[in-house]
Every structure is written in C-alpha cells, then in structure tokens.
Amino acid sequence: MTMKPSDQGPLLRRKSSTPHYQTFGGISPPKSRGQPLSEQSNNSSSNDLSSGHNEDEDQSSPLPRRQMAILAIIALCEQTALNSISPYLPEMASTFPEVNPGQVGVYVGTIASAFALAQMVTGLFWGWLSDHIGRKPVILCGTILTAACFVAFGFCRTLWQAVLVQALMGIVNGNQGVVSTCLGEITDRSNQSKAFTYLPVIYGIGGITGPMVGGLLVIPGNTYPYLLPNLMSAAVLVADFAITAVFLEESLEEAQDLPPLNKRVQSLFAWLWQFSSSARRPTYARKGSKKSRRHTEDSDDENASDNESDGALPQLVPHTSEELKKSDVFTRDTILLLITYLIFQLSNISFNSLYPVFAQADPPTGRNLDPEEIGLSLAFAGLVTIVFQVGLFGKLRDKMGNRWAYRAGLGLFVVAYMFMPFVGYKREDAGDPGEPILSTGLGWLWIEIGAVLLVKTVAAVGGLTSALLLITNSAPNHHVLGALNGLAQTLSAAGRTVGPFLAGGLFTVATKVRPKGEALAFGVFGGVAFIGFLLSFGIRSSDLEAEGWETDSDSVSDKSDEEDEA
C-alpha cells in the first residue's frame with residue numbers, strides 16, 4: 001500500500017464526499033434506501049452536512065437489504081464451492097502416483113496449504129486493486145477465474161497438477177475481503193452490526209452445502225471421478241458471476257468517474273501484457289498519461305479518446321485529491337488489531353485442525369472417536385454457529401461493544417484450549433447395556449466435548465464478526481478500506497497456512513509425552529491465544545465502536561488524550 005505524504009490538515013474519520021458512503025463518519029444517512037437522490041434531497045443532504053444536524057440521528061438507518069442479499073449470495077456460492085473439496089481430497093490425493101499410502105495426510109495438507117499460501121501473497125493486492133478500479137470488477141474477475149480453476153482441478157491426475165491449480169485458485173481469489181469492504185461501504189455505524197452478523201452465518205451454511213456437493217457427486221470408477229463435483233462448483237460460481245454482473249451495485253465512489261467496465265478490463269489486460277513483455281516504452285509510463293489524470297466531468301469525447309490513447313493505466317486508477325500518510329492508516333489501534341487478528345485466525349484454524357486428530361487418536365493421548373461421532377460433533381458446532389449469530393450475538397454485542405466482544409472471543413479461545421485436553425475418555429463397556437448413557441463414560445464425554453465446542457464456536461463466530469467490524473471502522477476513509485480488508489485476508493491466509501502444520505507437528509510430539517501429552521499441543525496454542533487476548537486491551541479507540549457507543553472509560557480516555565495533545 002503506497003501512501004503519499006500529506007500536507008493537509010488533520011484528516012476526518014472516514015468522511016466521504018458524497019452521502020453514498022454511510023460508514024464514514026460525519027455523514028447523514030440517506031433516506032432514499034439506495035435509490036438515486038433527487039436534486040432536492042441532495043441539497044437537503046448538503047444542508048445536513050453543513051449544519052451537522054440530523055433529525056434521525058438517534059435512529060438506526062434502514063438496512064440496504066437488496067445489496068446485502070446479493071453479497072450474501074456471493075459469499076454463499078463461494079463458500080459452497082471452496083468447501084466442496086474437503087470431503088474427497090484425501091481419497092483424491094491417495095490416487096496420485098507420487099503419494100505413498102502412509103503419507104496421504106501430509107500431501108493433503110500440502111495441497112490445502114498451496115491455496116492458503118497463494119492467497120496470503122495476493123490478498124493485499126486484490127484489496128488495493130479494488131480501491132482503485134472498483135469492488136465489482138474485482139469480484140467478477142475473482143469469481144470467473146475461480147470457476148475456471150475448479151474445472152481444471154477436476155482433471156488433475158498428479159500431485160503437482162493439484163498443487164499448481166490450488167495455488168492458482170488462491171492467487172485469483174480475493175473476494176472474501178472485498179465482500180467485507182462492500183458491506184462496510186453500504187452500511188453505517190448505526191446498522192453495520194446487524195449487517196455483519198450474518199456473514200459468519202453464511203460461512204456456516206457454506207460449510208454445510210459445500211461438503212454435500214463434494215461428498216455426493218463423486219463417481220467411483222470413472223476416468224475422472226472428481227470432475228462432477230468440480231463442474232457443479234464451477235456452475236455455482238458462473239451463476240454467481242451472472243447475478244453479480246446484473247444486480248450488484250458498485251460501492252466505490254471514485255468508480256463513477258472511470259470508463260465503462262469493459263474499457264477498464266481491456267486497459268488492465270493491456271497494462272499486464274506490456275508489463276510482462278517488458279515493453280521499451282509502455283503506455284502507462286508515457287508523459288501523456290499525466291494529462292489523462294486531469295480528466296474532468298465536462299471533458300468532451302475528443303479529449304476522452306485522447307486520454308485513452310495516452311495510456312491504459314490512467315483509465316484504471318482515478319485521481320483522488322485526498323492523500324494519506326502511513327501514520328494515518330497504521331495507527332496503534334490498527335497495528336494491534338491486525339496482529340491480534342492474525343493470532344485469532346491462527347487459534348481458530350489450529351483448533352479446527354487439532355480437534356479431529358485428537359478425537360480420532362488412540363488413548364491416552366486421543367479419545368478414540370469414530371468418524372461418524374466426530375462428524376456429529378462438528379455438525380453440532382455448525383448448528384451453534386447459526387443459532388448464536390441469529391439469536392444472541394447482536395444483543396450481546398450491543399451491550400459489550402466491538403472491542404469487548406473481540407476480547408471475549410480471544411479469551412474464550414484460551415478457555416477452550418485449556419479444557420479440551422481434560423475431557424473424559426470413551427468407555428462404552430461401562431455399566432449394563434440398559435444403563436442410561438449419562439451414567440457411562442461415553443455420556444459424560446459427549447457432554448464435556450459439547451461444552452468445549454460450544455465455547456470455541458462462540459469464540460470463533462463472535463470474535464470474527466467483531467474483528468470485521470473493527471477493521472471496517474479502523475479505516476481513516478474509504479480510499480484504503482479495500483486494502484485493509486485485503487491485508488486482513490492475507491493475515492487470515494497466513495494463519496491457515498501455518499496452523500495445520502504446527503498443530504499436526506505438536507500433536508505428533510504430544511503422543512510421545514506422558515502423562516497428558518495432549519495438553520502440550522492444546523496448551524501451546526492456548527498460550528498464543530492468551531497473548532492475543534492481552535494485546536487486545538491495547539485497542540482502545542472509541543472510534544472503532546458503533547454509533548452512539550460510549551463508556552465512562554472512553555470518556556476518561558478521550559479526556560486524557562486531549563490533555564496529552566495539549
């Protein structure tokens with residue numbers, strides 16, 4: 001992310017030049033429910049801005065339900081496709097000629113990590129690009145290229161092919177961060193909590209529909225037995241592409257000053273071709289490109305065509321008058337938020353990797369559960385995700401605030417990690433056959449595992465929602481919101497890359513430790529989560545909260561900050 005020095009005064013908190021961007025502070029929420037503003041309403045909005053008064057100031061703005069529904073469809077289609085791979089991936093990997101039967105798990109991790117590693121490298125780029133050419137073209141590009149990768153994955157017959165296609169899929173897919181960015185731009189601080197609550201629900205539903213697609217459509221004995229689920233995933237993404245192209249509205253303000261989408265795509269490919277072919281005098285480096293940056297609304301068609309001939313890059317990137325310093329973006333709160341978000345994602349993915357191995361392993365380190373029992377427990381966690389988000393999280397967050405809800409998520413991870421090694425063992429032969437299950441070891445094991453998974457699920461879902469809200473509100477303005485969400489997705493991918501390998505390695509070592517070797521693996525990650533919990537107390541700015549949120553400690557902190565500045 002490149003920030004130019006600013007010689008302007010102090011920046012306003014995410015203030016936009018039009019009423020379209022409600023999330024950025026100091027703007028009256030529009031009353032048109034997403035419809036074009038008339039001249040009269042536009043003038044009234046300007047009066048509200050100048051006077052700083054809004055008669056509905058204490059009321060929540062209406063949710064942009066239509067655009068939220070489109071974003072939900074995008075997220076659900078993508079999660080369904082991405083989660084469809086997991087059911088058949090171990091079996092698919094075992095058919096590769098390079099894979100030894102006893103090392104399937106290692107190669108499955110290699111294939112999965114190729115996607116996460118590639119996404120980690122390119123996540124920030126897609127966020128930055130969406131800040132410059134618009135959210136919609138980036139989502140469209142990521143969706144259709146991911147669909148093409150799914151088709152290719154269905155034809156993979158060797159390990160290197162699978163790793164390469166998964167890496168390509170990670171490179172072209174940065175939609176998760178861009179969807180969060182769009183959601184932040186079409187909501188304001190009075191209604192964003194309700195909007196962001198449903199993202200983890202969509203992810204949870206995608207975690208159910210995806211495995212169904214991948215598990216039911218495999219055709220054993222076929223030349224390409226895994227082609228059908230991949231074609232179905234690609235078809236889902238193509239439908240997603242069509243819906244996005246028709247119904248999704250561009251939320252980036254500067255995109256309205258850019259050429260049509262097809263012109264931008266042509267310019268982008270021309271730029272990439274010249275860059276990759278090392279052209280001696282590329283159009284984007286010519287002096288004439290500076291002239292095209294001074295494009296104004298009253299320029300005629302002749303000037304516009306001259307600009308197009310001058311260079312491709314100026315058509316992609318609009319000129320913005322508002323400049324930012326790095327210190328305006330990477331404040332103490334933002335840096336601590338990104339660090340703790342990495343710890344949060346590492347804790348989440350590591351627990352998800354540790355639990356199935358721990359549950360399946362033989363005693364005394366493991367608990368010897370069957371695959372059906374493990375699946376049932378994970379289904380319970382998925383159900384808890386939906387119920388908690390829809391029924392409870394909004395009320396809890398309204399009372400706790402974004403910061404305390406995020407801290408609570410990290411703290412509950414510590415609790416889950418500390419208690420999981422001490423759940424009981426499975427003793428199916430305890431008692432008579434007619435004895436109630438609660439009086440046997442198996443009954444207590446289910447109660448204890450269910451309780452720990454309940455705590456972990458609440459931590460993961462509530463913490464993720466709060467983290468998305470904090471990241472959205474930490475952006476000083478919309479010019480860098482996409483880049484921040486892209487950076488957050490990069491950190492999430494880093495956790496998904498490192499977590500499974502660390503978890504598997506620690507549990508392998510734990511099997512050789514007596515007694516309670518399992519406490520080693522869970523305890524190490526519990527300690528990491530505890531560090532994140534402590535660091536989260538450094539996130540103190542009240543600007544990260546929803547509209548109208550203020551505590552006594554915030555007032556004291558604000559006063560102390562004013563005294564320090566004085």
Side-chain angles (χ1 to χ4, degrees), residues 77-99 103-130 138-179 206 210 214 224 226-227 229-231 233-234 236-238 240-241 268-269 272 275-276 342 345-346 349 352-353 485-504:
C77 291
E78 184 167 302
Q79 290 301 312
T80 298
L82 295 178
N83 287 311
S84 68
I85 297 176
S86 56
Y88 62 79
L89 186 58
E91 181 181 329
M92 182 182 187
S94 66
T95 64
F96 296 151
E98 306 94 331
V99 176
Q103 298 179 326
V104 173
V106 175
Y107 292 108
V108 168
T110 302
I111 296 171
S113 294
F115 175 86
L117 182 61
Q119 199 174 52
M120 179 184 70
V121 174
T122 59
L124 179 59
F125 165 76
W126 289 114
W128 172 88
L129 189 63
S130 74
V138 171
I139 292 178
L140 289 173
C141 181
T143 300
I144 199 65
L145 292 180
T146 303
C149 288
F150 269 101
V151 175
F153 194 67
F155 288 98
C156 290
R157 302 292 295 272
T158 63
L159 177 64
W160 73 267
Q161 291 175 348
V163 171
L164 177 62
V165 173
Q166 282 295 307
L168 288 174
M169 193 180 297
I171 288 174
V172 302
N173 189 291
N175 285 357
Q176 181 176 339
V178 182
V179 167
Y224 296 99
Y226 312 103
L227 178 59
N230 280 278
L231 290 179
S233 297
V236 169
L237 290 174
V238 169
D240 175 22
F241 177 86
L268 175 61
F269 278 100
L272 292 175
F275 180 81
S276 60
L342 173 60
Q345 291 289 3
L346 178 63
I349 193 62
N352 293 341
S353 301
N485 276 303
L487 182 56
Q489 184 175 353
T490 297
L491 296 177
S492 174
R496 288 184 281 115
T497 302
V498 177
F501 284 105
L502 292 180

Q: Determine, step by step, whether V163 and W160 satisfy the side chain to side chain contact (heavy atoms under 4.5 Å, CB included) criterion, reporting the C-alpha distance in whole Å, the side-chain angles of both residues, the deciding distance to 0.1 Å, and the verdict.
A: CA-CA 5 Å; V163 171; W160 73 267; 5.7 Å; no

Q) Should L159 and I111 be marked as a side chain to side chain contact (heavy atoms under 4.5 Å, CB included) after you check the CA-CA gap, both sets of side-chain angles, and the distance that decides it? A) CA-CA 8 Å; L159 177 64; I111 296 171; 3.9 Å; yes

Q | Donor-acceptor under 3.5 Å (D240 side chain, V236 main chain) | A |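 No; zero donor-acceptor contacts below 3.5 Å.
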
Q.
Please check this pair: side chain of T143 against backbone of I139, looking for a donor-acceptor N/O pair closer than 3.5 Å.
A.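 Present.
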
Q: Starting from the C-alpha separation in whole Å, work towards a yes-or-no answer on side-chain hydrogen bond (donor to acceptor under 3.5 Å, both in side chains) for S84 and S233.
A: CA-CA 7 Å; S84 68; S233 297; 2.9 Å; yes

Q: Could you go through the side chain to side chain contact (heavy atoms under 4.5 Å, CB included) check for Q119 and W126 one step at a time?
A: CA-CA 10 Å; Q119 199 174 52; W126 289 114; over 6 Å; no

In Å and rounded to the nearest 0.5 Å, what is the [atom1] to [atom2] distance from [X] to [Y]?
X	Y	atom1	atom2	result
L231	F150	CG	CZ	11.5 Å
N173	E78	CG	CD	4.0 Å
M92	L89	CE	CG	7.5 Å
T110	Q166	OG1	CD	12.0 Å
N230	I85	CG	CD1	6.5 Å
L82	T146	CG	OG1	7.0 Å

Q: Measure the acute angle between the ring planes of Y88 and Y226, then classify it against the limits of 30° and 60° as parallel, tilted or perpendicular.
A: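 Parallel: the ring planes of Y88 and Y226 meet at under 30°.
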
For the residue pair [X] and [Y], what are the closest heavy atoms and their distance?
X	Y	answer
A234	V151	CB-CG2, 3.7 Å
P229	G214	CB-CA, 4.1 Å
A147	V238	CB-CG2, 4.3 Å
G495	L346	O-CD1, 4.1 Å
A494	L342	CB-CD1, 4.1 Å
C156	F96	O-CE2, 4.1 Å

Q: Side-chain contact test, heavy atoms from C-beta onward, threshold under 4.5 Å: evaluate it for Q161 versus F153 and give yes or no.
A: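 Side-chain contact under 4.5 Å: no.
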
Q) Do E98 and T158 have side-chain heavy atoms sitting under 4.5 Å apart? A)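 Counting from C-beta outward, E98 and T158 do come under 4.5 Å.
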
Q | Stepwise side chain to side chain contact (heavy atoms under 4.5 Å, CB included) test for V172 and C149 | A | CA-CA 9 Å; V172 302; C149 288; 4.3 Å; yes

(Q) Test of understanding: with side chain to side chain contact (heavy atoms under 4.5 Å, CB included), list the residues that count as partners of A118, not counting sequence neighbours. (A)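 A167, I171.
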
